[in-house]
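Before any comments, here is the structure.
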Protein chains: 2
Amino acid sequence: MIRRIPQARERGIPDATVARLPLYLRALNGLAERGTATVSSEDLALAAGVNSAKLRKDLSHLGSYGTRGVGYDVQYLIYQISRELGLTQDWAVAIVGVGNLGRALANYGGFVSRGFRVAGLLDADPAVVGDHIAGLTVEHSDGLEAVIRKRGVSIVVIATPATAAQQVCDRVIAAGVTSILNFAPVVLTVPDGVDVRKVDLSIELQILAFHEQRKVSGGPMMAEDWAGEAG
Amino acid sequence: MIRRIPQARERGIPDATVARLPLYLRALNGLAERGTATVSSEDLALAAGVNSAKLRKDLSHLGSYGTRGVGYDVQYLIYQISRELGLTQDWAVAIVGVGNLGRALANYGGFVSRGFRVAGLLDADPAVVGDHIAGLTVEHSDGLEAVIRKRGVSIVVIATPATAAQQVCDRVIAAGVTSILNFAPVVLTVPDGVDVRKVDLSIELQILAFHEQRKVSGGPMMAEDWAGEAG
DNA sequence: GTGCCTTTGTGAAGCCATGCACAAAGTCGA
DNA sequence: TCGACTTTGTGCATGGCTTCACAAAGGCAC
Ligand SMILES: NC(=O)c1ccc[n+]([C@@H]2O[C@H](COP(=O)([O-])OP(=O)(O)OC[C@H]3O[C@@H](n4cnc5c(N)ncnc54)[C@H](O)[C@@H]3O)[C@@H](O)[C@H]2O)c1
Ligand SMILES: NC(=O)c1ccc[n+]([C@@H]2O[C@H](COP(=O)([O-])OP(=O)(O)OC[C@H]3O[C@@H](n4cnc5c(N)ncnc54)[C@H](O)[C@@H]3O)[C@@H](O)[C@H]2O)c1
């Protein structure tokens, strides 16, 4: 059978598209708050900071939800993207490592706002255990596996020092977690089937520094670049 | 003259490569701490979590710093990558918005550790101004431009609420800053020549949720995926 | 010096993402 | 009902990134 109907959603949405869906969702929520009922790909793309053709191609992976000559229904598109991202259910998240960063995350309102619920705060330091943060009590990380199982935690945020991250990672995976958001500056080793995403401030700054250096070096090609290239 | 020697560093290093250099640098520092003198692309790639061919091609963009049959000299490669990233000089960074997140960032040791120095903490809230954090005093954001100019700030971290981010962004750009790290969940609009990188927790969680949803839906290929493909 | 062995640096192929450009589709006014 | 206009959905070309595979390069043992 050679016939090959390129059915949307037949299997997978490109990673690049998935990474942009939250952006579209945010832009759509902004429009919805201002009472906008429909939006064209051009306008939505502008709000999300992407090319309109890319936006349309991205949305076409979810299905054909637009109306030609009109645009997209804001509310309907919000629902479809939310459903696709799995935000119509709520996800229990545990934060391991309640130091500077862990506290900031626990207090972060935007966390809860869209489908994510902080179901546990865990730390290894007895001095921190028992602290009340954002309505939760910090528990000892000895009970990590129990917390994960009992509260149905499916996403774990690692905000421990780098030295503890792999160990915490191994434990939560053993407890059945397959989605990890890592703030520690280490490359986590995980088995197939486990997703790790990392947020790394240090890397971002270094990338900025790279470009900044090129700017201040006096234009596109500085003298040093030519050194040794003669002959 | 048709001869075209593909000299490394002739013009630009691919973005994808630049984004990985900090990863290599981190892995190399780990090796250096353990006293390793030389490392093969295979081993370094393993430590950095990438394919070894990719590592070699990345490094080849900087120059030909390896020795065939031996590998790369760890210290020398650290120096070369550092220099390429602009980490041999130190960068003055200002943090605007000293709330939960801004405080965590200010207290973050890994900031200073590699070429970045927090040169200013600024906030609009009089209740926060005057606080002492990590050896610095929080200043009022009215003086943003003055701080940037007087202390040679070239990278600004925005950790204000989303509503204030664009305004802060406009001001720091007007003050001459061309590198911004944005933590606020908004798409910043900037003129050409300004680099913005964003760190967005919410997006990362949503991407994790997407994949997690697919997993729990019943394995690698769920029934719904096959609907309509028969025949 | 010579030959073997290891490892680099890179040509080439394949893959994925981007963005243009346009036909198809649907709305809306007359 | 019809025609003009708007906007979507997508075929296609382009470009960048990744990966394989290997010739060239260099160290090292003898
Ligand atoms: N603070 C920031 O702005 C920032 C920025 C980027 C990255 N990071 C990274 O995020 C991580 C946390 O940073 P931080 O500033 O909050 O550090 P922190 O030292 O303030 O907090 C770390 C916390 O983790 C706890 N901990 C240690 N081992 C543990 C274990 N095995 N199980 C559970 N908890 C454990 C400690 O008791 C402590 O409370 C670090 O890896 C840091 O490099 C932080
Ligand atoms: N806390 C987190 O873990 C987290 C995670 C992801 C994203 N974010 C984002 O980071 C930003 C900061 O988060 P937060 O939790 O620290 O919020 P916060 O409310 O605790 O802190 C914001 C700070 O910015 C200051 N501010 C407001 N307007 C300002 C202005 N015009 N100039 C200077 N300072 C100003 C406020 O006075 C306050 O101190 C928010 O946009 C948030 O969405 C936070």
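Proteins get letters first, then strands, A, B, ... in listed order; numbering begins at 1 in each.
Look at CD1 on Ile13(B): it is 12 Å from P on dC17(D), rounded to the nearest Å. Across the protein-nucleic acid pair, Lys54(A) atom NZ and dA17(C) atom P stand 11 Å apart, rounded to whole Å. The interatomic distance linking Asn51(B) (CG) with dA21(D) (C1') rounds to 12 Å, in whole Å. Atom OH in Tyr65(A) sits roughly 19 Å away from atom C1' in dG26(C) (whole-Å rounding). Remark: C1' of dT7(D) and CG of Leu55(A) are 12 Å apart, rounded to the nearest angstrom. Per the geometry, CZ belonging to Arg20(B) stands 15 Å off P belonging to dG16(D), to the nearest Å. Separating the NZ atom of Lys57(B) from the C1' atom of dG14(C) is a distance of 13 Å, rounded to the nearest angstrom. Following rounding to the nearest Å, Asp58(B) (CG) and dT18(D) (P) show an atom-to-atom distance of 7 Å.
Residue Tyr72(A) places at least one side-chain N or O under 4.0 Å from the OP1 or OP2 atom of dG9(D). Within the 4.0 Å cut-off from OP1 or OP2 of dG11(C), not a single side-chain nitrogen or oxygen of Arg56(B) is found. Contact annotation: Ser64(B) side-chain N/O to dG9(C) OP1/OP2 distance is under 4.0 Å. Contact between the side-chain N/O atoms of Ser41(A) and the OP1/OP2 oxygens of dT7(D) is not found at any separation under 4.0 Å.
Taking CD of Gln166(B) as the start and CD1 of Ile173(B) as the end, the distance is 7.5 Å to the nearest 0.5 Å. In this structure, CG on Leu21(A) lies 11.5 Å from CD on Gln80(A), to the nearest 0.5 angstrom. Summarising the geometry, atom NE2 belonging to His211(A) is positioned 11.0 Å from atom OG1 belonging to Thr178(B); distances are rounded to the nearest 0.5 Å.
Residue-to-nucleotide proximity on DNA chain C shows that, of Pro14(A) and Arg68(B), the 5′-proximal contact is made by Arg68(B). Toward the 5′ end of DNA chain C lies the nearest nucleotide of Leu59(B), the other residue of the pair Leu59(B) and Thr17(A) mapping further downstream.
Gln213(A) contributes no side-chain N or O that, together with a main-chain N or O of Leu87(B), makes up a donor-acceptor pair within less than 3.5 Å.
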Kindly indicate, with the supporting measurements, whether the criterion side chain to side chain contact (heavy atoms under 4.5 Å, CB included) is fulfilled by Leu208(B) and Trp91(A). CA-CA 10 Å; Leu208(B) 282 176; Trp91(A) 299 96; over 6 Å; no

